[in-house]
Amino acid sequence: MSDQNRVIIFDTTLRDAEQTPGSSLTVREKMEIAHQLARLKVDVIEAGFPASSNEDFEAVRRIAHEIEGPTICGLARVVSRDIERAGESLQGASRPRIHTFVGTSDINIQNQLRKTRDEVLKMAVGAVQQAKSYCADVEFSPMDATRTDPDYLCEVVAATIEAGATTINIPDTVGYAVPEQLGELIRYLREHVPNINQAVISIHCHDDLGLAVANSLTALKYGARQAECTINGLGERAGNAALEEIVMAIKTRGEYFGLACGVETRELFPTSRLVSRLMRCVVPRNKAVVGANAFAHSSGIHQDGVLKQRSTFEIMSPEDVGVESTQIVLTARSGRHALRHRLEQLGHTLSKEEVDKAYERFLEVADKKTEIYDEDLLAIVGDEIRDVPEKYRLDYLHTISGTGTVPSATVRLMIDGQAVQQSAWGDGPVDAAYRAIDMATGTTSKVEEYTIRAVTSGSQAMGEVTVQVSEQGRTLTGRGASTDIIEASAKAYIDALNRLAVAAGIQRQHPQAV
Ligand code: KIV
Ligand code: ZN
């Protein structure tokens, strides 16, 4: 495959997807994902928006220092201070890139920026020139490009290439584009921007109309050579184009696209599960490529066909995306070594203390449910290995519910090492437990979203709860898993409260210890 037909895979999970309310990551969690993205062999990791917070700056700085292989990119508005911060944070990177952007549609220019087209063009050129003083690799994005006047877009693109931009990204910021029209826009740029061959054309699509992947692939067909995407398609609103879908479409339909990329596809599934766990965002069962049902054949005709000849109903092999065809099942007799080994295969490299902690919980769960599948292991790791210190820990939970009874709950929490106990009633046992936790912690939070799912099939399955909680203007998501779904719900709520207290610095007054 010639270099001309190689697609650069630019992952923006740590920047665009991390902006999703409730999915914010700690620096350590970002490092874990960055290491996995390097194993996945993406070409570019957009590590964050350094000027947006000290935490983001620190995450980009550490990723730039530690991660070898991919180009490390930092985002910056066309503002001098942003570019300085991006430049500083990327100093340790072997391959740094600054990505600077400004809105170019009239809607953006008039309503948000309150400038003229000329002023915006000058700001873009100035920002690219300033970014060039930090690194040779500079990307420019005319934000809302798909709703920008095409001739003005060409003018901005030509001027920023002239100023030194080496990649021109075309963002479909609000997910407005449709495939053919976006393809034609790429063609228009290639035909009307005289210096377009001096830069790589990139595409960045959002999924508001469910077209992000189709739009990205069409742009590649029309000559774009970088695709910006996120793991599991996470991102603002309906999300970004899903990396795993773009990569597998290019690979599976190689004869149609005539393109290739360098992604190690067997790392797709482990990466998907790691991101799902750390961003506390469950992968839908029917999600293309990485969903639990993506390779499950349930109709009799399909099962029969696959058993006789896989290609009858399977266009990709599960092994190619890192899903093993034979499930490895662990039991209470499996040792620490087997657990560590399996977790490593699933993309989790844990310290000795973390393995000990996970093993203790593994034995507890194995006692209750006999056979432990990969999904159970991932739920256990998600539950036990938390990056946020446990200000609150569930010590005891007792609930009463049933037909004709008033549901009630008693909880005892360890708060900064001291026991606090409260009881409450509610609409159901989960509501009662949440009210008791509210009283014990003194939180004024509101539950915005509550989701529960069975991790595996069967009535012995572990239940996994994700709960989005807002308090004092901050929204974060917590996660908990257990074979007892009320306990899983309580753990998820406490996880969210810990994140709000520790990561977001929210202060609460709780009653005295008992
Ligand atoms: O969607 C968008 O326009 C962006 C830009 C910052 C590239 O994320
Ligand atoms: Zn975006």
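We count ligands from 1, going down the list as the structure has it; atoms in each ligand are counted the same way. Keep in mind that this is a model prediction, so the values were computed, not measured. For the numbers below, each heavy atom of this structure counts, side chains included, while hydrogens, waters and symmetry mates do not.
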R117 vs E155, salt bridge (Lys or Arg N to Asp or Glu O under 4.0 Å): CA-CA, chis, key distance, verdict: CA-CA 10 Å; R117 283 188 180 183; E155 210 184 313; over 6 Å; no
Evaluate the salt bridge (Lys or Arg N to Asp or Glu O under 4.0 Å) criterion for residues E88 and R61: first the C-alpha distance (whole Å), next the side-chain angles of each, then the deciding distance (0.1 Å), finally the verdict. CA-CA 8 Å; E88 283 163 23; R61 196 191 63 77; over 6 Å; no
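In this structure, of H206, E236, R77, the residue bringing a heavy atom nearest to atom 1 (O) of ligand 1 is H206.
Salt bridge absent: D495 and R280 never bring a charged side-chain N and a carboxylate O closer than 4.0 Å. Looking at E228 and R15, no side-chain N of the basic residue comes within less than 4.0 Å of a carboxylate O on the acidic one, giving no salt bridge.
Looking at ligand 1, you'll find an N or O of T173 within less than 3.5 Å of one of its N or O atoms. Some N or O of D16 is nearer than 3.5 Å to an N or O of ligand 1, by distance alone. Where the criterion is an N or O separation shorter than 3.5 Å, residue side chain and backbone included, R15 meets it with respect to ligand 1.
With a 4.0 Å cut-off on non-hydrogen atoms, H204 touches ligand 1 through its side chain and not its backbone.
Other residues, nucleotides and ligands contribute more than 12 heavy atoms inside 6.0 Å of the CD atom of E264.
D16 contributes OD2 as its N, O or S atom closest to the Zn ion (ligand 2).
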